[in-house]
Amino acid sequence: MLNRLTYCLHLAIQALTRNFWMAVASAGMITVSLGILGSFLLVAINASQLMKTVESSVEINVFLVEDADKELLDQRIRQLDGIQSCVFVSKERALEEMREALGENKDILDGLEEDNPLPDGYRIKAERAELVPVIAGQIQEMPGIKKVRYGQGWVEKLIAITRWLNVVSLAAAGLLAVAAVFLIVTTVRLSVVARQQEVSVMKFLGASNWFVRLPFLMEGMAVGLIGALVSTAFLAGGYYYLTLQVEAASLFFLELVNDPQLLVPVFTGLVLLGLIMGGLGSMVSIRKFLNV
């Protein structure tokens with residue numbers, strides 16, 4: 001068994017050496033395909049992270065009537081499903097925050113301490129953005145509630161954009177992966193056609209289908225692995241450089257994802273995908289040439 005594997009490996013290396021430029025072309029196609037796919041995945045991850053950041057900033061502002069039963073409302077609001085945080089804001093605290101927001105112009109609020117027109121209220125955050133309209137509607141129906149604000153219209157648009165982005169990301173990633181596989185199948189098939197006579201001779205000598213397939217499988221996986229490693233190296237290096245440039249520019253509104261738990265699976269997946277694409281391309285390409 002070991003001798004057969006060694007012989008097949010020797011044939012694969014010999015084929016790669018003999019068809020060097022064909023192998024380079026195949027590896028180059030994998031590099032480009034995975035580079036495009038990887039770039040799109042990185043954009044999708046950052047876009048998703050940005051949407052989560054925006055979603056986390058969505059608040060429900062609840063304003064109470066003057067004689068509201070605060071203890072009962074507090075209990076009922078905190079019992080609602082999907083509440084991440086609920087902070088009571090007294091009218092005194094609201095007035096103080098308004099002073100801080102006005103800065104140098106805070107003097108215009110002088111004299112309001114004794115006759116504060118601001119209502120007591122709550123600032124509520126939901127576990128997920130799509131729960132905001134539901135929670136807001138439930139709170140609005142409670143007795144003692146004067147008004148509920150959460151950015152009606154804008155939140156619904158945010159939810160729709162997030163869903164659209166997720167669907168497009170998955171669809172585009174799937175299409176790019178399928179296109180890359182077909183591209184590799186076409187490229188590897190050219191190599192198989194050039195060696196059709198070699199395959200025929202091996203079959204006439206009694207070689208099994210798997211014995212014929214194995215050198216091509218090894219060759220395809222080697223080409224796929226090389227292309228994937230080159231693509232991943234360029235992609236990781238370029239992304240790291242871009243991250244440094246964004247940090248140096250102090251673009252607080254554009255913070256790229258640098259969490260290894262999110263990035264490592266992407267780059268590892270690209271390497272594995274290149275390996276699989278190369279092997280799959282070889283298997284599909286040689287299949288019809290085994291019937292001699």
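Ile276 is not connected to Ile226 by any chain of hydrophobic side-chain contacts under 4.5 Å among Ile, Leu, Val, Met, Phe, Trp and Tyr, and they are in different clusters. A continuous path of hydrophobic side-chain contacts links Ile45 to Leu270 [ILVMFWY only; heavy atoms under 4.5 Å]. A continuous path of Ile, Leu, Val, Met, Phe, Trp and Tyr side chains, each step under 4.5 Å between heavy atoms, connects Leu235 with Leu242, placing both in one hydrophobic cluster. Side-chain heavy atoms closer than 4.5 Å link hydrophobic residues (I, L, V, M, F, W, Y) into clusters, and following such links, even through other members, never connects Met142 to Phe63.
Counting all heavy atoms, side chain and backbone alike, Ala126 lies closest to Gln84 at O-OE1, 3.3 Å. The two residues Pro260 and Pro265 make their nearest non-hydrogen contact at O-CD, 3.6 Å. When all heavy atoms are compared, the tightest approach of Gly274 to Ala228 is CA-CB, 3.8 Å. Smallest separation of non-hydrogen atoms from Ile135 and Gly82: CD1-O, 3.7 Å. Heavy atoms only, all atoms of each residue included: Gly144 and Ala68 are closest at O-CB, 3.6 Å. Taking each heavy atom of Ile145 and Gln140 in turn, the nearest pair found is CG2-NE2, 4.1 Å.
A heavy-atom distance below 4.5 Å is found between the side chains of Leu37 and Leu273. Looking only at side-chain heavy atoms (C-beta outward), Ile124 and Ile77 come within less than 4.5 Å of each other. With contacts defined as side-chain heavy-atom distances shorter than 4.5 Å, the pair Leu272/Phe267 does not qualify. The shortest distance between side-chain heavy atoms of Val132 and Glu127 does not fall below 4.5 Å. Side chains of Leu64 and Pro119 form no contact here, defined as non-hydrogen atoms less than 4.5 Å apart. Using a 4.5 Å heavy-atom cutoff, the side chains of Phe88 and Arg93 are not in contact. A heavy-atom distance below 4.5 Å is not found between the side chains of Gln75 and Glu71.
Judged by distance alone, the side chains of Asn61 and Tyr122 never bring a donor and an acceptor atom under 3.5 Å apart.
Gln138 CD to Gln79 CD: the interatomic distance, rounded to the nearest 0.5 Å, is 12.0 Å. With rounding to the nearest 0.5 Å, the separation of CZ in Arg149 from CD in Glu59 is 14.0 Å. Summarising the geometry, atom CG belonging to Leu80 is positioned 8.5 Å from atom SG belonging to Cys86; distances are rounded to the nearest 0.5 Å.
Side-chain atoms of Ser90 do not come within 3.5 Å of backbone N or O of Asp120 as any donor-acceptor pair. A distance-only check finds a donor-acceptor pair linking the side chain of Thr268 to the backbone of Val264 [under 3.5 Å]. Counting only distance, with no hydrogens or angles, the side chain of Thr31 and the backbone of Val230 share no donor-acceptor pair below 3.5 Å.
Within a 6.0 Å radius of NZ in Lys70, more than 12 heavy atoms belonging to other residues, nucleotides or ligands are found. Counting heavy-atom neighbours within 6.0 Å of Arg78 CZ, excluding the residue itself, gives a total above 12.
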Original post:
Ile83 and Leu131: side chain to side chain contact (heavy atoms under 4.5 Å, CB included), yes or no, with the steps?
Top reply: CA-CA 9 Å; Ile83 298 288; Leu131 297 177; over 6 Å; no

